[in-house]
Amino acid sequence: MKDNLFTILQGVPTSCSITIAALFFAFILAMLLTLILTLKIPVLSLFTKFFITIFTGTPLLIQIFIIYYGPGQFKTILIHYPFIWSLFSQPLFCIILALTLNSAAYSTLLFHGMVKAIPNDQWQACYALGMNKIQSVMIILPYALKRAISAYSNEVILIFKATSLASMITIMDIMGYTQRLFEGSYDFTVYLLAGAIYFIINSLLTYMMRRFERRMLAFELRTN
Amino acid sequence: MMRFIKNGLIDQINIMVHLFPQWLTDLPVFIVKITADLLTLLPATNVTLLLAITSLFFGLILAMFLTTLELSKIKVIARLTTFIITLIRGIPEILIVIGVYNAIPIFFNLLYDGFYLNLGIVKWWIQSDFSIDISPFFCGVIALSLLYAAYASQTLRGAIKAVPVGQVEAAKALCLSKTTTFFKIVFPQMWRYAIPGLANQWLILLKDTALVSLITVNDLMYQVRNTAIRTDSPFTWFLLAALIYLIITFISQGIIKLLNYRVTRFDKLGA
């Protein structure tokens, strides 16, 4: 039992680093896409909506498989671009790319929803102060983001849970070690151990996000 | 003369054959092959849909059961249920699916062989006299309905609480019993608060069914994976599967819109 626990714990750094990398890139991409949607940039906003539909409408497992196995079909062409070819043959790159795109799609929906939920008065106040559209967005967006933190913490948990799919493309994360242990011993308690580890990390993440939210929205509490 | 024509004709045929590009001569074979592969996707999509709908059915029943437990007056039961729901929500879906698939047969085998349950003071010999063979499909249904129930019970609880207290008070004033109040007053009204959340979770459930391919259920994802490996064209086939999932999602969204319109039709009458 104890040996099993330590073996599974070896996967924790991998899972955590995938989560952090994916969340970091996804956040940047989601900000860009939210800006595009908010400013209603003609062609780009159409592309963004298409992107969101594709990535929120299909299972994550398929997205991961397309990104990891898909390029193999175009081997004859891609072999001439060694950089891209080597990039897509690394499972770690593929899982981070897949999770980034997936998370960016969901986060954009969330952020854009929050921006739309900001009362129209705020926009009017910005215009009254003589700001143009981009300047107003720079005022509204941080406010909307702070309001979105509680919903975004769900997204963080979802992404951490989704990293377990990395084991499907040969990455040794928590799930990968668990599967290997099970195949060696047929001892089903390893699943309970893995479940406990995931649950504890998720609880920690929830707690951290809640504290972060309270700090970010402190200015709202003070007025009450 | 005859020979010349004959030779010329053969030459011409030869030239024509060479004029045909390779892909044109291969085309009929290709079409037959791809049609056969495409036709295998139909039953596979059926399995995916059947899996999702069965899980939805059992998941909803389980969710109602969990909601009842969570709203119970006995604090211990309510707390325990909340903890179990939080636990399920905190564990990756894939772990639950694979864990259920791998653990259940071993657990039942253990029961069949019998074992000592050591509780310190007393020792119980536990043994069942039956052995159960559970199909992967049913394991998938168990895992997915557990997942669906964990999320849906939260929605249902919120929906019950969203029904205005005045409704319950009015029922009380009319001397309706508690059971009647729940089934005739609260239950019909809660759906308009519950449908959006439940529908959202249905869309998530639909996407989670792809995970069941990992436990050898012959669903859309499993079939596509096999075809992709056999034909050595993973990009095309996975993209096709993604498209099918997208179409199912679109159809679901249409049905949800109709359903939403139906449960909120009274609001529109008033306005």
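Every chain is numbered from 1 and lettered A, B, ... according to where its sequence line falls, protein lines coming before strand lines.
Of all the listed residues (B:Leu246, B:Asn102, B:Ile91, B:Ile106), the one sharing the greatest number of non-hydrogen pairs under 4.5 Å with chain A is B:Asn102. Among the candidates B:Thr249, B:Thr86, B:Leu239, B:Leu87, the residue making the largest number of heavy-atom pairs closer than 4.5 Å to chain A is B:Leu87. Taking chain B as the reference chain and counting heavy-atom pairs below 4.5 Å, the highest number among A:Phe188, A:Tyr186, A:Phe199 is found for A:Phe199. Contact count against chain A (heavy-atom pairs under 4.5 Å) is highest for B:Leu214 among B:Leu211, B:Leu203, B:Asp232, B:Leu214. Heavy-atom pairs under 4.5 Å with chain B peak, among A:Ile62, A:Leu60, A:Leu205, A:Leu165, at A:Ile62. Taking A:Ala194, A:Gly72, A:Gly195 one by one and counting their heavy-atom pairs under 4.5 Å with chain B, the maximum is reached by A:Gly195.
Residue contact with chain B, scored on non-hydrogen atoms closer than 4.5 Å, involves the backbone and the side chain of A:Ile54 alike. Interface remark: A:Thr53 contributes backbone and side-chain atoms alike to the contact with chain B (heavy atom separation under 4.5 Å). Proximity to chain B (any heavy atom under 4.5 Å) is restricted, for A:Phe74, to the side chain, taken from C-beta onward.
In this structure, a donor-acceptor pair under 3.5 Å is absent between the side chains of A:Tyr68 and A:Gln63. Neither side chain, B:Ser153 nor B:Glu70, offers a donor N or O lying under 3.5 Å from an acceptor on the other. Judged by distance alone, the side chains of B:Gln201 and B:Thr155 do bring a donor and an acceptor atom under 3.5 Å apart.
Note: A:Phe51 and A:Phe55 have tilted aromatic rings, judged against thresholds of 30 and 60 degrees for the angle between ring planes. Ring geometry, A:Phe27 versus A:Tyr152: the interplanar angle exceeds 60°, so the pair is classed perpendicular (tilted spans 30 to 60°).
The backbone N or O of B:Arg89 lies less than 3.5 Å from a partner atom in the side chain of A:Lys161, making a donor-acceptor pair. Checked by atom type and distance alone, the side chain of A:Gln10 never pairs as donor or acceptor with a backbone atom of A:Tyr177 at under 3.5 Å.
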